[in-house]
Amino acid sequence: FVTGDGELALIFEGLDRNEATVLMRSAIDAVQWKLQASTRLATRSDTSLVCGIACVHSPSKSFKMDDLIRSAWRCLEAARQQSGGSIKSIEVF
């Protein structure tokens with residue numbers, strides 16, 4: 001879904017942290033390549049893509065989904081502090 005700020009948020013089920021990171025790395029690389037190939041978009045300065053990933057494996061009964069969501073947003077903010085194409089991820093327990 002697209003957030004109110006215009007950011008794309010994806011939710012995957014059945015992927016572990018490494019699989020999600022590899023998938024998102026491939027997606028970012030493909031989009032970056034397409035953007036560079038397009039002369040119309042290549043000059044835009046707002047096209048750097050970053051990704052924040054939070055994963056949970058076998059959550060406990062007391063696990064709160066909000067903790068997972070907040071962790072993903074923190075990872076996204078950390079990725080924004082790096083160069084374009086950065087991915088930050090965390091395993092939440």
Side-chain angles (χ1 to χ4, degrees):
F1 62 93
V2 177
T3 69
D5 294 329
E7 297 174 317
L8 178 63
L10 304 172
I11 300 171
F12 296 104
E13 184 177 353
L15 292 179
D16 67 23
R17 182 176 166 194
N18 290 334
E19 291 170 324
T21 302
V22 168
L23 178 67
M24 294 314 301
R25 167 62 49 216
S26 296
I28 286 174
D29 289 347
V31 171
Q32 299 265 37
W33 184 84
K34 291 275 190 185
L35 290 174
Q36 290 172 355
S38 170
T39 57
R40 185 173 52 119
L41 296 175
T43 59
R44 290 183 51 158
S45 61
D46 62 346
T47 56
S48 62
L49 302 174
V50 294
C51 180
I53 298 172
C55 297
V56 61
H57 186 271
S58 300
S60 67
K61 289 183 181 183
S62 62
F63 182 80
K64 294 183 173 98
M65 186 57 76
D66 287 344
D67 292 339
L68 184 65
I69 295 167
R70 279 192 296 275
S71 295
W73 287 121
R74 280 195 305 273
C75 284
L76 181 60
E77 288 304 317
R80 284 185 178 134
Q81 300 301 316
Q82 305 296 313
S83 61
S86 293
I87 297 175
K88 296 291 183 182
S89 67
I90 191 168
E91 184 77 31
V92 181
F93 295 95

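Throughout, residue positions are numbered sequentially from 1 according to the sequence presented. Below, each value reflects all heavy atoms present in this structure, side chains not excepted, and no hydrogens, waters or symmetry copies.
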For residues 68-77, which residue pairs pass the salt bridge (Lys or Arg N to Asp or Glu O under 4.0 Å) check, not counting sequence neighbours? Asp67-Arg70, Glu77-Arg80
Met65 with Trp73, same ILVMFWY side-chain cluster at under 4.5 Å: yes
Of all the heavy-atom pairs spanning Gly84 and Ser48, show the shortest one and how long it is. CA-CB, 3.8 Å
For a quick test of reading the model, state the closest non-hydrogen atom pair linking Ala54 to Ala72 and the distance between them. CB-N, 3.4 Å
Considering all heavy atoms of both residues, which atom of Gly85 and which atom of Ile28 are nearest to each other, and what is their separation? CA-CG2, 3.9 Å
Return the set of residues passing side-chain contact (heavy atoms from CB on, under 4.5 Å) with Leu23 (not counting sequence neighbours), or none when no residue passes. Phe12, Leu15
Among all residues two or more places apart in sequence or in another chain, which pass the side-chain contact (heavy atoms from CB on, under 4.5 Å) test with Phe93? Glu91
Other residues, nucleotides and ligands only: do more than 12 of their heavy atoms fall within 6.0 Å of CG on Leu8? yes
Could you see if Ile53 belongs to whatever hydrophobic cluster contains Phe63? Use Ile, Leu, Val, Met, Phe, Trp, Tyr and a side-chain cutoff under 4.5 Å. no
Sequence neighbours left out, what passes salt bridge (Lys or Arg N to Asp or Glu O under 4.0 Å) with Asp29? Give chain and number order. Arg25
Apply side-chain hydrogen bond (donor to acceptor under 3.5 Å, both in side chains) to Thr21 and list each qualifying residue two or more places apart in sequence or on a separate chain. none
How long is the straight-line distance from CG of Leu76 back to OG of Ser86, given to the nearest 0.5 Å? 10.5 Å
Taking every heavy atom of Ala79 against every heavy atom of Cys51, the minimum-distance pair comes out as CB-O, 3.5 Å
Can you check side chain to side chain contact (heavy atoms under 4.5 Å, CB included) on Gln82 and Val50, steps first, answer last? CA-CA 9 Å; Gln82 305 296 313; Val50 294; over 6 Å; no
Taking every heavy atom of Ile87 against every heavy atom of Met24, the minimum-distance pair comes out as CD1-C, 4.0 Å
Give the cluster check for Ile90 versus Val56: same hydrophobic cluster or not, with ILVMFWY residues linked at side-chain heavy-atom distances below 4.5 Å. yes
Nearest heavy-atom approach of Gly14 to Glu19 is O-OE1, 3.9 Å
Tell me every residue that passes side-chain hydrogen bond (donor to acceptor under 3.5 Å, both in side chains) with Ser60, counting only those two or more places apart in sequence or in another chain. Ser62
